[in-house]
Amino acid sequence: MSGLDRLPQFLRHGPTFWRRSVQARVVLSTMVLSALVVGIVGAFLIHQTRDGLLENRVDAVVQEAEGETETARQQLAAAAPLEVDESAQQQALVEPIIARGSSRGFAVVLSPPIADGVRLADGGAKFTEGLDLASVPESLQARFDSVSSTAWTYTDIRTSEEITGLPAGPGVVVGSQVRLPADNNTYTLYYLYSLDEQQRTLALVSRAMLVAGVPLLLLVAGLTWLVTRQVVTPIRMARRVAERLAAGQLQERLRVRGEDDLARLATSFNQMASNLQKQIRQLEELSRLQRRFVSDVSHELRTPITTVRMASDVIHDARPFLDPVTGRAAELLQKELDRFETLLADLLEISRFDAGAAVLEAEDVDLVDVARRVVDMTSVLAAQRDIRVVVHDPGVPCVAEADVRRVERIVRNLVTNAIDHAESRDVEIFIGADLQSAAIAVRDHGIGLGPGESAMVFNRFWRADPARARTSGGTGLGLSISLEDTHLHGGWLQAWGRPGEGAQFRLTLPRHLTTQLRHSPLPLVPDDARETA
């Protein structure tokens with residue numbers, strides 16, 4: 001895989017790594033803050049260094065320029081009074097300075113004279129050969145249009161040819177005035193000094209700070225990584241151990257090293273894990289004993305119940321020969337024995353689910369046929385309640401791979417529950433299928449379910465209204481068993497309800513047991529309820 005192919009993968013996983021890695025965030029944040037601090041400190045130091053270099057250079061060149069001007073004044077004062085040749089005095093004034101400038105690295109410009117505060121047009125400027133007169137700023141020239149003291153400013157030195165010791169570029173120009181005895185006019189001398197050496201020094205300092213700053217940042221990043229690693233590594237180990245504990249590996253423990261806060265945290269974590277392991281094992285043992293107790297009691301009760309059933313059948317068959325009170329008691333005994341046997345069967349089924357012993361006997365099952373058989377089974381109960389159970393036939397087979405006995409039990413529980421809560425209104429059964437799943441929904445228009453009850457309705461022995469009497473003789477385990485049967489198929493059993501508008505239970509099964517459900521062909525919320533809303 002090339003670098004270009006790996007780059008998109010890094011870009012995809014980069015944000016995830018950033019969110020999950022505390023160490024990466026700490027190291028990067030420290031580097032960013034350190035770079036900001038180093039940058040600010042470096043900029044301040046460079047600024048201070050530049051100001052110091054320029055200040056020292058300006059003081060030196062101003063002092064040197066004033067010295068040159070003072071020397072020129074002394075030479076002019078020592079000249080013979082009879083020497084009144086103006087041009088000769090200009091040459092005698094500027095040529096020695098130009099000669100010294102060639103050896104000392106500065107240039108000279110002698111501007112036209114000033115008489116009575118006005119610059120004269122005659123007498124052109126004399127200057128170091130190769131210097132561009134534009135190197136003297138106009139602002140400084142304007143200052144010396146009248147008699148003024150020594151002044152200086154920064155400039156950009158320009159040359160038409162190479163001048164010894166004076167490279168083109170940034171520089172300092174110093175202006176100073178002298179009076180020529182020949183014409184008694186004031187002339188201005190401009191001394192131009194290069195700042196090239198200071199510029200190179202400043203560049204050297206900047207490079208040195210940059211070269212030192214990058215390793216410093218890398219050193220800070222390395223130290224931060226080492227420090228955070230000492231803290232993050234135990235946390236990562238604790239996370240891995242916690243994940244293994246959550247996965248059921250209750251024997252996992254953290255390794256304790258030292259006596260610092262992290263070691264004490266690891267000790268506390270291990271104590272917590274030991275206590276949790278002990279409690280979980282106690283609960284598992286209690287649950288195992290409870291399941292064993294339910295299973296054993298259910299099995300042990302079958303023998304006496306069978307004996308009692310035989311005696312009850314004899315008494316029930318002899319009702320015509322008994323007095324009315326005894327006959328009614330025989331009927332009640334028979335009815336309660338039926339309910340007791342149903343409860344025992346449900347308890348045995350629950351114990352099989354808890355023990356993981358429930359198995360499927362899968363075959364192709366048509367949910368339309370299942371619905372019709374369940375309607376026939378519950379027709380007596382529906383007639384007693386004066387309720388009509390309506391099957392909405394989709395007109396096509398809705399086949400799913402399932403255990404027909406368990407599916408019939410689920411649908412029977414749903415229909416019986418709907419009849420019990422329908423409040424003398426019709427119960428409707430809807431059936432549908434698509435390429436991936438098949439579903440059956442049972443709708444009643446009775447008392448409905450309150451907020452949050454659609455999830456609790458599948459709990460064992462849960463009842464929406466404890467004061468409400470069961471007319472169908474249910475045990476309170478029917479929906480719990482139905483949910484376990486549904487999960488055994490890899491399906492969904494869901495409930496919807498609204499107070500006063502009834503409820504709907506939807507069973508969704510995959511067409512094939514190996515298929516994972518993603519949707520249901522029937523809506524969970526009935527169409528009439530959505531229209532009302």
Side-chain angles (χ1 to χ4, degrees), residues 42-73 75 90-114 119 123-178 186-210:
F44 175 76
L45 292 177
I46 291 175
H47 179 74
Q48 292 295 106
T49 303
R50 183 193 63 186
D51 290 347
L53 290 173
L54 293 179
E55 184 178 353
N56 292 335
R57 179 60 173 167
V58 168
D59 291 342
V61 299
V62 169
Q63 185 177 0
E64 183 176 355
E66 289 180 343
E68 290 290 341
T69 304
E70 186 62 28
T71 301
R73 288 172 182 161
Q75 291 176 354
Q90 289 181 5
Q91 290 294 118
L93 170 66
V94 73
E95 286 183 358
I97 301 176
I98 292 176
R100 288 192 297 270
S102 299
S103 61
R104 297 182 184 177
F106 65 86
V108 181
V109 176
L110 179 66
S111 69
I114 298 174
R119 184 180 299 277
K126 294 179 173 55
F127 53 91
T128 301
E129 186 177 358
L131 179 69
D132 189 347
L133 292 180
S135 300
V136 181
E138 294 182 358
S139 59
L140 187 62
Q141 294 181 30
R143 179 184 178 89
F144 289 104
D145 283 344
S146 58
V147 178
S148 178
S149 59
T150 301
W152 67 273
T153 187
Y154 294 111
T155 187
D156 185 17
I157 298 176
R158 306 172 189 175
T159 59
S160 58
E161 59 184 61
E162 185 177 350
I163 301 177
T164 304
L166 186 70
V172 178
V173 56
V174 182
S176 184
Q177 292 180 331
V178 295
T186 301
Y187 288 78
T188 304
L189 286 168
Y190 296 102
Y191 303 90
L192 290 91
Y193 296 87
S194 175
L195 294 176
D196 183 65
E197 183 178 353
Q198 285 70 31
Q199 189 177 26
R200 289 199 302 269
T201 302
L202 188 63
L204 178 63
V205 172
S206 301
R207 286 196 300 271
M209 295 190 65
L210 181 62

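In this chain, numbering begins with 1 at the start of the sequence shown.
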Practice task
Please step through side chain to side chain contact (heavy atoms under 4.5 Å, CB included) for the pair Val58 and Tyr154, ending with a clear verdict.
Solution key: CA-CA 9 Å; Val58 168; Tyr154 294 111; 4.0 Å; yes
Exercise for the section: Let me know which of Val174, Val136, Val173, Val172 forms a side chain to side chain contact (heavy atoms under 4.5 Å, CB included) with Thr153. Expected result: Val173
[atom2] on [Y] to [atom1] on [X], rounded to 0.5 Å:
X	Y	atom1	atom2	result
Tyr193	Phe106	OH	CZ	4.5 Å
Thr201	Arg57	OG1	CZ	10.5 Å
Gln177	Tyr187	CD	OH	12.5 Å
Leu54	Gln198	CG	CD	7.0 Å
Ile46	Ser206	CD1	OG	3.5 Å
Phe127	Leu133	CZ	CG	4.5 Å

[X] and [Y]: which non-hydrogen atoms are nearest, and at how many Å?
X	Y	answer
Leu166	Gly105	CD1-O, 4.0 Å
Ser135	Arg158	OG-N, 2.7 Å
Thr150	Ser176	OG1-OG, 3.5 Å
Leu140	Ala151	CD1-CB, 4.1 Å

Handout entry: Derivation of the side chain to side chain contact (heavy atoms under 4.5 Å, CB included) call for Arg104 and Glu64
Key = CA-CA 10 Å; Arg104 297 182 184 177; Glu64 183 176 355; 3.4 Å; yes
I'd like to check [X] versus [Y] (side-chain heavy atoms, cut-off strictly below 4.5 Å). Are they in contact?
X	Y	value
Thr69	Val178	yes
Ser111	Gln141	no
Leu189	Glu68	no
Ile97	Arg100	yes
Arg143	Ser149	yes
Ile157	Thr159	yes

Exercise for the section: Could you tell me whether a side-chain N or O of Ser194 sits under 3.5 Å from a main-chain N or O of Gly171, the two making a donor and an acceptor? Expected result: no
Exercise for the section: Kindly say whether Val108 contributes a backbone atom to a donor-acceptor pair with the side chain of Thr128 at under 3.5 angstrom? Expected result: yes
Problem - Test side chain to side chain contact (heavy atoms under 4.5 Å, CB included) applied to Thr188 and Val109, step by step - result: CA-CA 8 Å; Thr188 304; Val109 176; over 6 Å; no
Problem - Geometric class of the Tyr190/Phe144 ring pair [parallel <30°, tilted 30-60°, perpendicular >60°] - result: perpendicular
Handout entry: Exceeds 12 heavy-atom contacts within 6.0 angstrom, atom CD of Glu138
Key = no
Problem - CD (Gln63) with more than 12 external heavy atoms under 6.0 Å - result: no
